[in-house]
Enquirer: 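Please see the structure below; I have some questions.
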Amino acid sequence: MEHYFWLEDARVIAIPSTSIDNEEFKKPLTLSKESDVELRRIASEAIQKAKQSFVPWCEEEVVAQTCCISYEHARNIITLLKQDCTIPFIVRYRKQMTGGMQAEKLREVQESFEEVKEVQKKVDSILKSIKHEKFDEAAAFSFLNAKTVEDLEMLYAPFKPQSKKTLAERSKRLGLEPIALQLLDMNILLKQIDYKSLIKPQKGLLNEEEIRTGIKHIIADKISKDSNVLDYLRERKHRPQIRIQCSKSPSAEKEDRKAFVEGKKTQNFKYENYFNLNVLIHNVNAHQVLALNRGEEKKVLTVKIQIPIGVKKDITIFIWNVFFNKKYVESETYNFLRSCVEDSYDRLIEPYFCRQIRTELNKKAEKESITIFGSNVRSLLLTPPVRGKTVIGIDPGFKHGCKVACVSSKGEVLATDVIYPFSENRSNNSVSDAERIRRMVSSHRAEIIAIGNGTACRKAEEWFSNLIQNKVFNPYVVKYCIVNENGASIYSVTKEAEAEFPNMDPNLRSAVSIARRLQDPLLEYVKIEPKHLGVGMYQHDLPEAQLKKTLDSIVEECVSFVGVDLNVCPEIMLRKISGLSAARAKQIVEWRNKHSCFVNREQLLLIKGLGQKSYEQCAGFVKILPETCNPSAFIPGEEETKKKKKASSKVNPLDRTIIHPESYDTAMKFLEELKADPKTIGQQILVDKVESYIKFSSIESIASKFSVSKDIMQLIIDALKQLQDYDIRKEFDQPLFCTSVRSIEDLQVGQGLTGRVNNVTAFGAFVDAGVGNNGLIHVSKMKGKKLTVGDKVTVRVLSINVEKKRLELELLL
């Protein structure tokens, strides 16, 4: 007797065929296929109906929820962003609208808002092009409600046009889709299919077995793209049992065996920590994810996501409940549908599931890496300048010698040379290398030697240390400092470098850049693409557009907050100021050259193409300092006289401060309250008056008196308390200067050292302790302290591996 199966809640109950009515399975099989035009018409009607009942969701609410901020602050920030306000401008001059939010958080809000706009744009694009027989009003409504890219990808998966090369698409082109859909919807049984009418002398239709295989591929494909199944997978992505496994790839094993036989070495050992990695996805760190990706790309590692049997069972049960619950099937159809579900899971769902998990891990790792890299770049850019010192820059090298450049305290190149202190390729000059350096120090009163941290750095450090110890430079006191030289060689061959030093060898330009990096790090580092600064974590593996956007924003933030002197600032620095572009920076320099100088900030409005919005964004970050402004030398142009509303040519002392022109009236009233002369701005006499006044009044009461917000009043007071030579970078640690050098072989476990943080990653911080190799302070040895690039630290040596040049440290102070 033939049995039918009753499917309920993933349970299978066998029932004799005589006890049920088989008439429902004797319906004629009808096949139909709408044209693309008809499918598009059906989709358009569904979209129109969905829009009639759809209430547009609020982008402010989505941003507020995503970034964990208040709705009011989200709304204010979005309003400011829509008005083309920059992050530095919002941070400094719109605190009252953001609750004093810092730049990092504002960038997060900005990214969230841009993702929301991207989702809306993609939804419009999809709805204009979608053609699918299953696309109805409910599906259209779901698309309109999508708020994240992830939601949109999940929704679009069932309707996305397939590649013609997939097994399902091949079967569809053979005309098997209508039958497969009828079978999937349980409108027919497997034995009702008329195979004879389908068999043809064509691959895929040659016999009954090929037809069934084609139908299976279509059903498996439909299951894998069902929205309910995809939603269920998204929920299961965070199951704690899922693991990520890694092993050494067969090709790497083969390569190492071959190298061993030949007595050679490979670079595969760099990934030895990951050859037997097996961790829960919740426990894998960002740097590990990025390392796995790189090792996999180089074919050294084999990486896979391990889905537990229990998760697979949950997913297959869910599929049965979605498609086949509470339905009768006979044994042949039941077994066939089981094979379809198994095929869908093994061939489509699990690989898709694993890709989604890897994608999510990658996104999180990339985001964390960019955040860390951005923090390191900010710290590097804000390294305090070494002012008033003549510096000798050294670009060390073996074969081609050490390139030398002596730079004055004002950044002028005084002398250049090439020496060969540890190379057989000696100079033809009869004067020794040590004597030539001594003469340079003596002639130009150089006090500091800046050594680039690239090739031959250690040798150069030892050589100069010996000169200092042997008192070669007496009576002059000379110290040396190791400087980050990353990107110097790249900059030295750019058009900007050629324009700055037209007749100088590119190698010597690198030495000049190294010296200037010590004198004014910000001015030199802005010339280099941030990704080339060497303070990141797998930055070259990160998405180029996302990395560049974030780092450009950080550079703009640093340059703007430090501020520039409008009359001497080079064009390359002006490009990085809030509200300015390369074109506007060029116009500013041209205007400055033509008119001799800027007398006040307001004259920026006279520059063609620089409108009110650009002026609003940049004005507070450029200064007119008395040392470089000579009103008597100002040359008015004919174009200014033709303007109906001509900018004033008067000097305004407030232009020396960070106070924005929109707050000048309030600042002047406050100066009147203090009975202070505006000309004393930047002098100690005014600082004393301000501090004396605020001793007896709160910020709130002062702000109320002048009818402004507390944040604006605080900014005015802080600006008037700053001396003329104030520099925000003074708050950070100075570079580390040395007179002698030690090697890793001289160290002992337990020994205390002082050093400077060179790089920060997710797993720890690298410290230059003056022994030629950076030591690592693992995060577990930081005692909960957060370190940044440039911090001076006291550490203890935990372990030394001389062969691998590895030094493990513990943070003390």
Side-chain angles (χ1 to χ4, degrees), residues 4-13 15 17 20-35 38-39 42-43 46 130-140 142 155 157-160 162 166-195 197-198 208 211-232 315-345 347-349:
Y4 277 77
F5 293 90
W6 173 250
L7 308 178
E8 180 174 4
D9 297 329
R11 293 178 299 163
V12 181
I13 304 170
I15 300 173
S17 60
I20 65 171
D21 182 7
N22 288 335
E23 292 301 320
E24 61 178 298
F25 298 123
K26 296 178 183 178
K27 298 175 185 177
L29 180 61
T30 57
L31 308 179
S32 64
K33 185 175 182 181
E34 293 86 357
S35 66
E38 180 65 13
L39 289 174
I42 294 171
I130 201 160
K131 292 177 289 188
H132 201 279
E133 68 276 2
K134 290 286 184 79
F135 190 81
D136 53 17
E137 183 180 346
S142 297
L155 290 170
F159 307 105
K160 190 174 183 180
Q162 282 189 319
T166 65
L167 296 176
E169 273 302 306
R170 290 175 187 172
S171 299
K172 288 178 183 179
R173 291 204 305 275
L174 295 174
L176 298 177
E177 184 176 22
I179 299 174
L181 294 178
Q182 292 249 18
L183 193 60
L184 182 63
D185 293 337
M186 303 295 289
N187 291 330
I188 62 169
L189 296 177
L190 199 63
K191 66 182 181 180
Q192 290 180 285
I193 299 174
D194 184 5
Y195 294 105
S197 65
L198 295 173
E208 185 176 326
I211 292 171
R212 287 196 180 194
T213 300
I215 292 172
K216 180 194 292 186
H217 290 156
I218 294 172
I219 291 176
D221 182 70
K222 291 293 181 182
I223 290 172
S224 70
K225 292 181 177 177
D226 181 77
S227 58
N228 294 311
V229 174
L230 293 174
D231 284 340
Y232 189 77
I315 294 171
T316 52
I317 289 175
F318 179 81
I319 292 170
W320 272 101
N321 285 335
V322 167
F323 288 96
F324 312 119
N325 198 28
K326 299 186 184 303
K327 294 184 180 179
Y328 284 111
V329 290
E330 38 74 45
S331 58
E332 186 181 15
T333 303
Y334 167 71
N335 290 329
F336 179 75
L337 292 177
R338 281 192 62 179
S339 69
C340 289
V341 173
E342 290 292 326
D343 178 57
S344 180
Y345 180 85
R347 188 169 54 85
L348 301 172
I349 291 176

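Here the structure is a predicted model, which means the values were calculated and not measured.
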Enquirer: Just verifying a value: how many Å separate E177 CD and E169 CD, rounded to the nearest 0.5 Å?
Expert: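 So the CD of E177 and the CD of E169 are separated by 7.5 Å.
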
Enquirer: Regarding R338 and E342, does a basic nitrogen lie under 4.0 Å from an acidic carboxylate oxygen?
Expert: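 Salt bridge between R338 and E342, a charged N being under 4.0 Å from a carboxylate O: no.
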
Enquirer: With rounding to the nearest 0.5 angstrom, report the CG to CD1 distance, D185 to I219.
Expert: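 Taking CG in D185 and CD1 in I219, the distance rounds to 9.5 Å.
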
Enquirer: Taking all heavy atoms of R212 and all of Y195, pick out the closest pair and write down the distance.
Expert: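 Closest approach of R212 to Y195: NE-OH, 3.1 Å.
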
Enquirer: The criterion is side-chain hydrogen bond (donor to acceptor under 3.5 Å, both in side chains); which residues satisfy it with D136, sequence neighbours excluded?
Expert: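 By the side-chain hydrogen bond (donor to acceptor under 3.5 Å, both in side chains) rule, D136 matches no residue at all.
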
Enquirer: Locate the shortest heavy-atom distance separating L181 from K222; write the atom from each residue and the value.
Expert: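 For L181 versus K222, the nearest heavy atoms are CD2-CE, 3.7 Å.
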
Enquirer: To the nearest 0.5 Å, tell me how far L348 CG sits from T166 OG1.
Expert: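 These two atoms lie 9.0 Å from each other.
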
Enquirer: Of the non-hydrogen atoms in F323 and L184, which two are nearest, and what is the gap between them?
Expert: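 For F323 and L184, the tightest heavy-atom pair comes out as CD2-CD1, 3.8 Å.
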
Enquirer: Nearest 0.5 Å, what's the CD1-CD1 distance between I319 and I223?
Expert: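 Reported value, rounded in 0.5 Å steps: 6.0 Å.
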
Enquirer: Considering all heavy atoms of both residues, which atom of L155 and which atom of S142 are nearest to each other, and what is their separation?
Expert: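 L155 and S142 have their closest heavy atoms at CD1-O, 3.3 Å.
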
Enquirer: Who passes ring pair (Phe, Tyr, Trp, His ring centres under 6.0 Å) against Y232, sequence neighbours left out?
Expert: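 Here the qualifying residues are F318.
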
Enquirer: Heavy atoms only: give me the nearest G214-L176 pair and the separation to one decimal.
Expert: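 In this case the closest contact between G214 and L176 is CA-CD1, 4.0 Å.
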
Enquirer: Which atom pair, heavy atoms only, marks the closest approach of S339 to K216?
Expert: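 That would be OG-CE, 3.5 Å.
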
Enquirer: Can you measure from CD1 (I215) to CD1 (I193) and round to the nearest 0.5 angstrom?
Expert: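 Reported value, rounded in 0.5 Å steps: 4.0 Å.
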
Enquirer: How many angstroms lie between CD1 in I349 and NZ in K225, if you round to the nearest 0.5 Å?
Expert: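 Those atoms lie 12.0 Å apart.
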
Enquirer: When you measure from the side chain of S344 to the backbone of C340, do you find a donor-acceptor pair of N or O atoms at a distance under 3.5 Å?
Expert: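 Not confirmed, S344 side chain does not pair with C340 backbone.
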
Enquirer: Answer yes or no: is there a side-chain heavy-atom contact under 4.5 Å between Q182 and I179?
Expert: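 No, side chains not in contact.
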
Enquirer: If we only count heavy atoms from C-beta on, is the L337 to M186 side-chain gap below 4.5 Å?
Expert: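 Yes, their side chains come closer than 4.5 Å.
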
